[in-house]
There are 2 protein chains.
Amino acid sequence: MPRATKIEPERGGARTRLLEAARDIIRQKGFSGTTVDDLCKAAGVTKGAYFHHFSSKEALGVAAAEFWADTTSALFAQAPYHKPEDPLDRVLAYIDFRKAIIEGDPAEFTCLVGTMTQETFQSFPAIRDACATSILDHAATLEPDIAAAMKLHGTTASDWTAQSLARHTQAVLQGAFILAKATNDPAVARESVDHLKRYIQLLLA
Amino acid sequence: MPRATKIEPERGGARTRLLEAARDIIRQKGFSGTTVDDLCKAAGVTKGAYFHHFSSKEALGVAAAEFWADTTSALFAQAPYHKPEDPLDRVLAYIDFRKAIIEGDPAEFTCLVGTMTQETFQSFPAIRDACATSILDHAATLEPDIAAAMKLHGTTASDWTAQSLARHTQAVLQGAFILAKATNDPAVARESVDHLKRYIQLLLA
DNA sequence: ACGTACATACCAACCGTATGGTATGTACGC
DNA sequence: GCGTACATACCATACGGTTGGTATGTACGT
């Protein structure tokens with residue numbers, strides 16, 4: 001899709017660079033707090049290039065959410081937590097994996113679509129929907145392992161489902177990110193993830 | 001503090017009306033997405049009145065977080081969940097209370113300071129700190145009941161504390177709000193709160 | 001093989017408006 | 001008459017978005 005040329009080797013990558021800039025800057029300042037000029041400056045492109053690729057700022061928000069969904073799902077698909085044979089171990093390994101990447105600057109480990117959801121859910125439904133798809137699709141990848149663990153360990157659940165537990169894991173992570181941002185301390189978020197892991201062990205083991 | 005007059009009976013309440021407007025509009029559009037004119041219009045005051053009470057938009061953000069902390073802590077202090085004699089029942093009643101108020105429009109039941117934290121934690125440290133205080137102080141009100149429940153039920157916790165569990169409840173609620181906004185469905189949030197309640201029961205009963 | 005037609009990717013400069021913020025004045029209570 | 005609580009009018013800038021253009025690549029008929 002990119003198109004390199006002789007005199008301008010970067011040519012063709014403006015769209016991707018804008019999406020990467022959006023991922024980084026929106027996580028720092030939020031969607032409304034991020035200006036088109038911010039993005040152009042960070043990506044090293046002009047506003048003409050920006051509006052060539054995105055018809056509006058809202059369109060970039062949607063594309064950024066989709067870009068996030070694509071890149072993160074690729075990351076999780078190749079992560080090592082799928083290896084254990086016991087499905088419960090896979091779920092717990094997923095939790096460990098999520099915990100392990102909570103470190104450093106909150107702007108770098110927190111979730112783009114969770115952040116965008118908060119401020120766009122009323123004003124920009126298209127962005128909200130793209131964010132919802134990203135979150136729910138990721139949660140859905142956990143359902144088979146949870147369901148298999150329930151079956152294997154003879155868990156009888158009358159008042160909850162694999163789907164609701166999968167979504168709950170995402171709620172805990174999103175909430176943990178908020179605490180980490182508020183306190184500027186990843187450790188607070190990791191403690192919540194510990195509670196989540198303990199819950200799943202109590203529930204399924 | 002308010003000062004009524006003959007020709008302008010609303011006079012004196014501009015600051016409070018601005019803070020109420022901030023509480024409502026920032027929850028809909030976020031802090032950056034909310035303009036000073038939005039607030040003045042909703043509060044029915046002029047920009048002169050606005051800058052008489054708040055030296056900047058950031059100052060209003062801080063005041064709005066403090067206003068939120070004050071009004072919500074008053075609400076929770078007089079809520080009925082403190083009545084049970086068993087401290088575990090009080091904690092569970094708190095969860096039930098939080099679940100019960102999750103209904104209707106997400107903009108009305110979600111948390112102002114959780115929303116503001118997300119977009120201000122880098123750009124406006126003063127706002128972030130006010131948000132953190134609001135969240136952590138509220139979490140701290142749960143600690144005595146959790147600690148008492150641990151003692152009463154002989155819970156032996158080597159790897160977690162009453163404080164971390166109290167904060168975890170707030171993480172779950174904040175995360176549940178994000179899912180509710182993304183899906184535009186309070187039910188998703190309530191299911192996460194159910195998981196939280198189940199966790200506390202497994203842990204402390 | 002080559003010219004034409006078209007599409008893609010980008011740039012520089014500009015525009016109308018909305019934004020946060022200010023300067024100045026006035027009504028009112030004490 | 002003095003401080004507080006506002007109102008009116010205004011400003012410099014930043015904002016999202018537009019315009020018109022150029023360079024590069026591709027499809028295709030001949």
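Worth knowing before you read on, the calculation uses all heavy atoms, side chains too, and leaves out hydrogens, waters and symmetry mates. Letters A, B, ... are given to chains in the order of the sequence lines, protein chains preceding strands, and every chain is numbered from 1.
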Note to self: Distance check needed: D/dA5 P versus B/L18 CG, whole Å only.
What the structure shows: 13 Å

Notebook entry, point to check: When the ring centroid of A/H168 is compared with that of A/Y199, is the distance short of 6.0 Å?
Noted result: yes

Note to self: Is the shortest side-chain heavy-atom distance between B/I200 and B/L88 below 4.5 Å?
What the structure shows: yes

Margin query: Heavy atoms from C-beta onward define the side chain here; which of C/dC11, C/dA9, D/dC6 lies closest to that of A/H52?
Written below: C/dA9

Next item on the list: For B/R15 and D/dC6, give me the distance from atom CZ to atom C1', rounded to whole Å.
Entry: 15 Å

Notebook entry, point to check: How close or far is atom C1' of D/dC10 from atom CZ of B/F51, stated in whole angstroms?
Noted result: 13 Å

Notebook entry, point to check: Does the D/dG16 base have a donor-acceptor partner in the side chain of A/K47 within less than 3.5 Å?
Noted result: yes

Margin query: Of the listed nucleotides (C/dC11, D/dG16, D/dA7), which one gets closest to any side-chain atom of B/T46?
Written below: D/dA7

Notebook entry, point to check: Can the ring centres of A/F67 and A/H53 be said to be less than 6.0 Å apart?
Noted result: no

Check: Taking atom C1' of C/dA12 as reference, at what distance in whole Å does atom OH of A/Y50 sit?
Finding: 18 Å

Notebook entry, point to check: Taking for each residue the nucleotide of DNA chain D with the nearest heavy atom, is it A/S55 or A/D38 whose nucleotide lies nearer the 5' end?
Noted result: A/D38

Note to self: If I take atom NZ in residue B/K57 and atom C1' in nucleotide D/dA14, what distance separates them, rounded to the nearest angstrom?
What the structure shows: 13 Å

Note to self: Under a plain distance cut-off of 3.5 Å, with no hydrogens placed, do A/Q118 and B/K181 share a side-chain donor-acceptor pair?
What the structure shows: yes

Next item on the list: With heavy atoms under 4.0 Å as the rule, sort A/T34 into base, sugar-phosphate or nothing.
Entry: sugar-phosphate

Next item on the list: Can you tell me the distance, in whole Å, between the CZ atom of B/F54 and the C1' atom of C/dT22?
Entry: 18 Å

Notebook entry, point to check: How many Å lie between NE2 on B/H53 and P on C/dG21, as a whole number?
Noted result: 17 Å

Check: Atom CG of B/D37 and atom C1' of C/dA18: how far apart are they, to the nearest Å?
Finding: 8 Å

